[in-house]
Structures are given as C-alpha cells and as structure tokens.
Amino acid sequence: MKIRTRFAPSPTGFMHVGNLRTALYEYLTARHANGTFVLRIEDTDQERYVEGAIDVIYDTLKLAGISHDEGPDIGGDFGPYVQSERLSIYKPYAEKLIEEGKAYRCFCSKERLAKVREDAIANGQDSIGYDRHCRDLSQVEIEKNLNYGIPYVIRQKLPLSGETTYHDCVYGDITIPNEDLDDQILLKVDGFPTYNFANVIDDHTMGITHIVRGCEYLSSTPKYNALYEAFGWDIPTYIHLPLIMGKSIDEEGKEVVSKLSKRHGSTGFFDLVNEGYLPQAIINYIALLGWAPSDNKEILTMEELINDFNIESISKSPSVFDYDKLLWMNGEYIKAMSSDEFLSYAKVYYDKFAISSCKYDLLEELLKPRITKFTEIEEKLEFLAKYEEFELSLFEHKKSKSTLETSKQMINEFLPILESIDESNWNRDYLGSKFVDFATEKEIKNALIMWPIRIAAAGVAVTPGGCSEVLVLLGREESLRRINLAKSRLEI
RNA sequence: GGCUCCAUGGUCAAGCGGUUAAGACGGCGCCCUCUCAAGGCGCAAUCAGGAGUUCGAUUCUCCUUGGAGUCACCA
C-alpha cells in the first residue's frame, strides 16, 4: 500500500514552528516511503479567517522546501482540498449514523450545557463533559422538538463503559477508559462539521494512511477511531509527535517549560526568517527536535533527511526549542554557502554602506566566519560609516604592549610610509608586508605597530578582520584621514 | 481534579541487560593571533528517587516524585 500523509493547517496567517515540524515529519514519512504528501486547508472556522493566510502556508512550504503532491493549488484525484469547498459531503455521513442509531440529535442549548458543566465542576465531579441528556430521547420527543424548530447538533453515541486501546507508532499501545469519552459533536447547529468529524471524513475519503500530528491528540484519538469503526473504515496508522517546548522564567524567578509560545521568543516561521534565520537552517534544526538520525549527524540536507528519516527513531519526550543551537546551525549554513549565495543575502547590507563590488570577496572572507545571521552584518560594518571620538584608552593593549606612548610613536613613524603607498598598492598583501617589514626593521612585534593603526583607523576595539583588512575596507583616503585625526588627538 | 503521556548533563540527544554512559549546542580553559570570530586541543556537567526481576540494571516491571498534554457547537 502506498503511504499517503497530509498536512492540514488552518489558515491563521501564522505558521508556528511546531506546525511546521509536523508538516516536515508528514512530508518525510511520505517521501521516505515514496508515498504521497497532501496539503489540505482546514478553513471551516469562518471567524478565524485571515486575509492572505493561505499564501502564508504556500510560501512557508515553498521556502522550507516541503513540496506537496496534491493540494488546492495543484489539484489531485481526491479534491477539493479546501475544507470549505467540501461542506456538502459531511452532513450525509452524519445522518447515516443517526439512521443506524450510532448518532443522535441533541437539542440542548449552550446555556444548558454551560450549566451542566458548572454544576459538575461545583460538585467536584471528575467528568465535566456532556451529561448525554438527549442520547435516549424518545421518537415522540424528537419529533416534537423538530416540529418546534429547536436547533440541534448531531452527536455520536460513544460507549459508556469499557476501554479503548489503539496503537501509536511512537507511543505504543494507548488505553483510554470509555467513560472519559464525551459524546462528541459531529455537526454543529449551523450545519458545519466539527474539526474532529471533518478530519476523519476527509482523511478517509482522501485515502490518508498515516496520520502524523502532535501528541495533544493522544487522548482524543479513541473518538476518531470510534468514527472510523462506526463507518466500518480501516483505522489509519498513527504517529503522534512529542511537543516542542519553550523555557522561560516565571514571576518567582523559577525556570519553567511549557508549550512553545511567543513568550519564549519568535515562534512563527516568517518571524524567524525575518530575524535572519535561514529557512534550511530552521528546517534542519526542527527536524532534530524529536528525532535523530542513526549516525547522529547534525547538518542534513532535505535529501538526507528523507533518506535517514524513520518513524522508529522519533522520540517520546518533549524537547525544548534552543535558540542558541539554531543560531549555531544558521552560522554553519552561512559558512557552507557559495560566494554567489552569500552575496545574494549580504548585498542588501553592503549597499547600505555603498560598498564597491571589488570588495565583495574580501568582505565575504571576513564576514563568513564572523556572522551567524546576515542581519549582523550591519553592526559589523558600522565602523566604516561612523568614526566618532573614541576613548584614547583603546590604544592601550596589554598583549601587544601597546600604550598611548607607543601608539603615538608608531603612528608618527608609520604614517609617512602609509602616505607613500599609492592607490594601486593599497591592498591587503602589500599593506601587510609593509607592517611586517617595519616591525622587522625596528625589531618590534607586529602587534605593536598593527594595533594602534587599526584602532586609529577603525575607532573601535573590535573589527571584522585585522589592521590591513580594515585599511583596505576603508580605502586609502579615509584611512589616512582617520589616522591623521587620531595622530593629532594623541599629540595633545 | 479525572484521564493519558513523558523522564540520560543547562539544552538537543546516542544507548535498546554487561560501555571508561557517544556526539552536538552552550559554558570554561589552552593553542593560534594586531581585535573579534573561525579553526585546533582539552575540561566540567547526565542516567529524578525507591522497590523488585536478574549473576548483572541507564536499559525490563511496579510505586513515588516531577513535568507535560487533554477534558469546547476551536482547529
């Protein structure tokens, strides 16, 4: 049997990384087995509808490199793939269950339901669900209510006693007491199906064989199975995924972990992308949240993920989303980039400093090992545009034995040499050799001359690259201007 | 509260009855070095607790504790 999985997001305009990981695992489960991956949009909740939200889903999957074989945009043999276009198919299924005595009309008002729940809570009852008031209404009462036009929902009759066991690929056999199962609503007053109902109908009619979802569904799965059984359908293979958690500090200063949410940092795929995380790095990272390849490799391409992925290695315990590790991984992806790719991301920042293309290669070399996100380029290059009066104490550096006195002397002696170097020789190798020659001749350490020149030119202690590189990035004219300025400040 | 699930360093994790209990992130130290990175080397840090089963438990069973999820006319 060919495996079919589906990703069924709601168009909320926001793609939580937890959802994205579910999508990824669904995709990997299908691809690994040469199966089919289906995209279905669950938009039955009209209140939650957000303009352009479906595009967020498409854009996310595309950027993430998760491609579907069937979906609203590309069609397929099991359409329509948007739930709101499937509305007419659910009601007959629900009515069929009524005919067979497996479901019933419930005329209870929301107020009554709320009261029932309140009382249950007040009495400290374990079960705070529906009291099954309408489950055994007589035919006469039903007719009467129908004639009065009392609105009703359709509920499924679930077993009152015993227990239900099902198998999950990750968690093994799960057994739930049937008395904990509410008579679930299939069709709402407005005639729309509930999520649970539509989900089962859709999954079955779309031939979904493997249901991959978060483990928050673990305890409601027996209800799904009751539906499959009521219709006499095969129960799909279940793969429940451990939750992704976030760590935060509560009011008392204690560390707490809970389901990853905004208070832990950015959790939306595009939020992370906008912060400078690369889509491939995000995918790679979340793939490893709850699963590890047999060889424990950490940097994996999508192709490798597809090959190595196996359901048996999915872990049961929840994992904490670690932004530090994601950041590291992002850096690894940057380091592995080709020059063209690097430039395509970096150029927008280069342009802010009006950097000429002849410096691109040098910048790539300097920046690549120094950034973990492209957004960091701006601060790294800030010294190119800004040169303010800095603390002269920057010239003091213990390791290179640099002091205000030596700095003043070095700059005085070296400035003429720099000034004698013309534009055509103003490059890293030539400048570097001049420093070394100077140091050798004076019998001093390279650092003693390079430190003050770099400080004088950059005006900051930390620069991406050393003295020669800084001078090249600044250019001859600006370098000399700055060093002269520093010189006069040192002489006062 | 009922039900369900989970439990190896700070984090991700390997392990699937016998190991000096991998690896990665982060931390720390050293080397390299004109700064900061990168890179190289190294260090610290884990089987929640208690009973069993067994010649032998991180590994199997039970209990305790802790954590999480779930109990909607939301998806």
Side-chain angles (χ1 to χ4, degrees), chain A residues 8-10 12 42-45 47-48 83 106 108 110 113 117 121 124-130 151-155 168 170-172 174-177 179-182 184-190 192 194-196 198-199 214-221 240 242-243 245 247 255-259 285 288-299 313 315-329 331 335 366-372 380 394 397 399-400 402 435 439 445-455 458 460-468 470:
Chain A
S10 289
T12 59
E42 308 229 332
D43 60 346
T44 44
D45 188 358
E47 284 173 27
R48 274 208 214 174
Q83 216 163 49
C106 169
C108 294
K110 287 189 184 179
L113 260 24
R117 179 166 310 126
I121 293 172
Q125 279 174 246
D126 294 339
S127 168
I128 52 175
Y130 179 52
Y152 64 88
V153 301
I154 296 178
R155 288 185 187 266
D168 179 83
V170 175
Y171 290 94
I174 310 276
T175 301
I176 311 267
E179 56 187 328
D180 291 336
L181 268 31
D182 231 13
Q184 62 178 338
I185 292 176
L186 271 21
L187 236 48
K188 305 185 235 177
V189 189
D190 59 9
F192 279 52
T194 57
Y195 167 82
N196 289 333
N199 221 254
C215 71
E216 60 264 30
Y217 292 95
L218 227 34
S219 47
S220 54
T221 297
H240 285 96
L243 251 33
M245 313 294 281
K247 196 185 248 183
E255 266 191 353
V256 287
V257 288
S258 54
K259 210 164 152 181
Y285 178 68
L288 264 28
L289 244 30
W291 173 81
S294 51
D295 61 358
N296 259 298
K297 213 175 142 187
E298 305 237 49
I299 306 292
S313 308
S315 90
K316 298 178 188 183
S317 43
S319 44
V320 174
F321 193 95
D322 183 356
Y323 289 89
D324 279 340
K325 187 147 186 179
L326 172 60
L327 195 58
W328 164 77
M329 198 169 271
K335 289 189 198 94
L366 298 178
L367 258 15
K368 227 181 209 175
R370 270 172 256 256
I371 58 169
T372 48
K380 299 271 187 235
L394 284 187
H397 185 243
K399 224 177 82 193
S400 56
S402 198
F435 284 114
K445 287 182 72 174
N446 294 345
L448 196 64
I449 174 63
M450 293 175 110
W451 178 271
I453 298 290
R454 189 178 65 85
I455 295 297
V460 291
V462 177
T463 54
C467 183
S468 308
V470 166

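Reminder, nothing fancy here: chain letters follow the sequence lines and each chain counts from 1.
Using C1' as the reference atom, B/U46 and B/G26 are 15 Å apart when rounded to the nearest Å. Across B/U20 and B/C32, the matching C1' atoms stand 31 Å from one another, rounded to whole Å. Spacing between B/G39 and B/C25 at atom P, rounded to whole Å, works out to 9 Å. Taking atom C1' on both B/A13 and B/A24, the two are 8 Å apart, rounded to the nearest angstrom.
The partner of B/C73 is absent, by the rule that a Watson-Crick or G-U pair needs both atom distances under 3.5 Å. Using N1 to N3 plus N6-O4 or O6-N4 for Watson-Crick, or N1-O2 and O6-N3 for G-U wobble, each under 3.5 Å, B/G9 pairs with nothing. Across all strands shown, B/C16 remains unpaired; no Watson-Crick or G-U wobble contact has both distances below 3.5 Å. If you check B/C32 for Watson-Crick or wobble pairing at under 3.5 angstrom, you find it has no partner at all. The nucleotide B/G27 finds its pairing partner in B/C43, both defining distances of the Watson-Crick or G-U wobble pair being shorter than 3.5 Å. Across every strand in view, B/A37 sits unpaired, with no contact that passes the Watson-Crick or G-U test at under 3.5 angstrom. Remark: B/A48 base-pairs with B/U64; criterion is Watson-Crick or G-U wobble with both hydrogen-bond distances under 3.5 Å.
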With the criterion being N/O to N/O and under 3.5 Å, what pairs connect the protein with nucleotides 39-47 of chain B, and how long is each?
none

Is there any protein nitrogen or oxygen under 3.5 Å from a nitrogen or oxygen in nucleotides 34-36 of chain B, and what are the pairs?
{"unit_1": "B/C34", "atom_1": "O2", "unit_2": "A/Arg454", "atom_2": "NE", "d": "3.3"}
{"unit_1": "B/C34", "atom_1": "O2", "unit_2": "A/Cys467", "atom_2": "N", "d": "3.3"}
{"unit_1": "B/C34", "atom_1": "N3", "unit_2": "A/Cys467", "atom_2": "N", "d": "2.6"}
{"unit_1": "B/U35", "atom_1": "OP1", "unit_2": "A/Lys399", "atom_2": "NZ", "d": "2.7"}
{"unit_1": "B/U35", "atom_1": "O4'", "unit_2": "A/Arg454", "atom_2": "NH2", "d": "2.8"}
{"unit_1": "B/U35", "atom_1": "O2'", "unit_2": "A/Ala461", "atom_2": "O", "d": "3.3"}
{"unit_1": "B/U35", "atom_1": "N1", "unit_2": "A/Arg454", "atom_2": "NH2", "d": "3.4"}
{"unit_1": "B/U35", "atom_1": "O2", "unit_2": "A/Arg454", "atom_2": "NH1", "d": "3.3"}
{"unit_1": "B/U35", "atom_1": "O2", "unit_2": "A/Thr463", "atom_2": "N", "d": "2.8"}
{"unit_1": "B/U35", "atom_1": "O2", "unit_2": "A/Thr463", "atom_2": "O", "d": "2.9"}
{"unit_1": "B/U35", "atom_1": "N3", "unit_2": "A/Thr463", "atom_2": "O", "d": "3.0"}
{"unit_1": "B/U35", "atom_1": "N3", "unit_2": "A/Gly465", "atom_2": "O", "d": "2.9"}
{"unit_1": "B/U35", "atom_1": "O4", "unit_2": "A/Gly465", "atom_2": "O", "d": "2.6"}
{"unit_1": "B/U35", "atom_1": "O4", "unit_2": "A/Gly466", "atom_2": "N", "d": "2.9"}
{"unit_1": "B/C36", "atom_1": "O2", "unit_2": "A/Arg370", "atom_2": "NH1", "d": "2.7"}
{"unit_1": "B/C36", "atom_1": "N3", "unit_2": "A/Arg370", "atom_2": "NH1", "d": "2.2"}

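Rounded to whole Å, the distance from CD1 on A/Ile185 to P on B/C73 is 4 Å. Across the protein-nucleic acid pair, A/Leu181 atom CG and B/U70 atom P stand 16 Å apart, rounded to whole Å. Atom CD1 in A/Ile176 sits roughly 11 Å away from atom C1' in B/C71 (whole-Å rounding). A/Glu216 places its CD atom 18 Å from the P atom of B/C74, with the value rounded to the nearest Å.
Inter-residue side-chain proximity for A/Tyr130 and A/Ile185 is flagged as unmet; no heavy-atom pair is nearer than 4.5 Å. Residues A/Ser315 and A/Val170 form no side-chain contact, since every pair of their non-hydrogen atoms from C-beta on lies 4.5 Å or further apart.
Judged by distance alone, the side chain of A/Ser10 and the main-chain N or O of A/Glu42 form a donor-acceptor pair under 3.5 Å. At least one donor-acceptor pair under 3.5 Å links the side chain of A/Tyr171 to the backbone N or O of A/Lys316. Looking only at distances, a side-chain donor or acceptor of A/Asp322 sits under 3.5 Å from a matching main-chain atom of A/Asp324.
Here the nucleotide nearest the side chain of A/Arg117, chosen from B/G2, B/A37, B/A72, is B/A72. Side chain of A/Trp328, nearest nucleotide from B/G69, B/C3, B/G26: B/G26. Taking only side-chain atoms of A/Asn196, from C-beta outward, the nucleotide of B/C73, B/A75, B/U70 with the closest atom is B/A75. Distances were taken from every side-chain heavy atom of A/Ser219 (C-beta onward) to each of B/U70, B/C25, B/C73; the shortest belongs to B/U70.
Using a 4.0 Å heavy-atom cutoff across all strands shown, A/Val257 reaches sugar-phosphate atoms only and no base atom. Here A/Met245 lies in heavy-atom contact (under 4.0 Å) with sugar-phosphate atoms only. No engagement by A/Lys297 is indicated, since no non-hydrogen atom pair under 4.0 Å with the nucleic acid exists. Nucleic acid contact for A/Tyr217: base, since at least one base atom lies under 4.0 Å from a heavy atom of the residue.
By the 30° and 60° cut-offs, the orientation of the rings of A/Trp451 relative to A/His397 is parallel.
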Practice prompt. List the protein contact pattern of nucleotides 5-14 of chain B with one symbol per nucleotide (5' to 3'): B for base contact, S for sugar-phosphate-only contact, - for none; contact means a heavy-atom distance under 4.0 Å.
Written response: SSS--SSBSS
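Each of A/Leu187 and A/Val256 lies near RNA chain B, and the nucleotide nearest A/Val256 is the one positioned closer to the 5' end.
Heavy-atom contacts from other residues, nucleotides or ligands closer than 6.0 Å to NZ of A/Lys368 number more than 12.
Residue A/Lys188 places at least one side-chain N or O under 4.0 Å from the OP1 or OP2 atom of B/C74.
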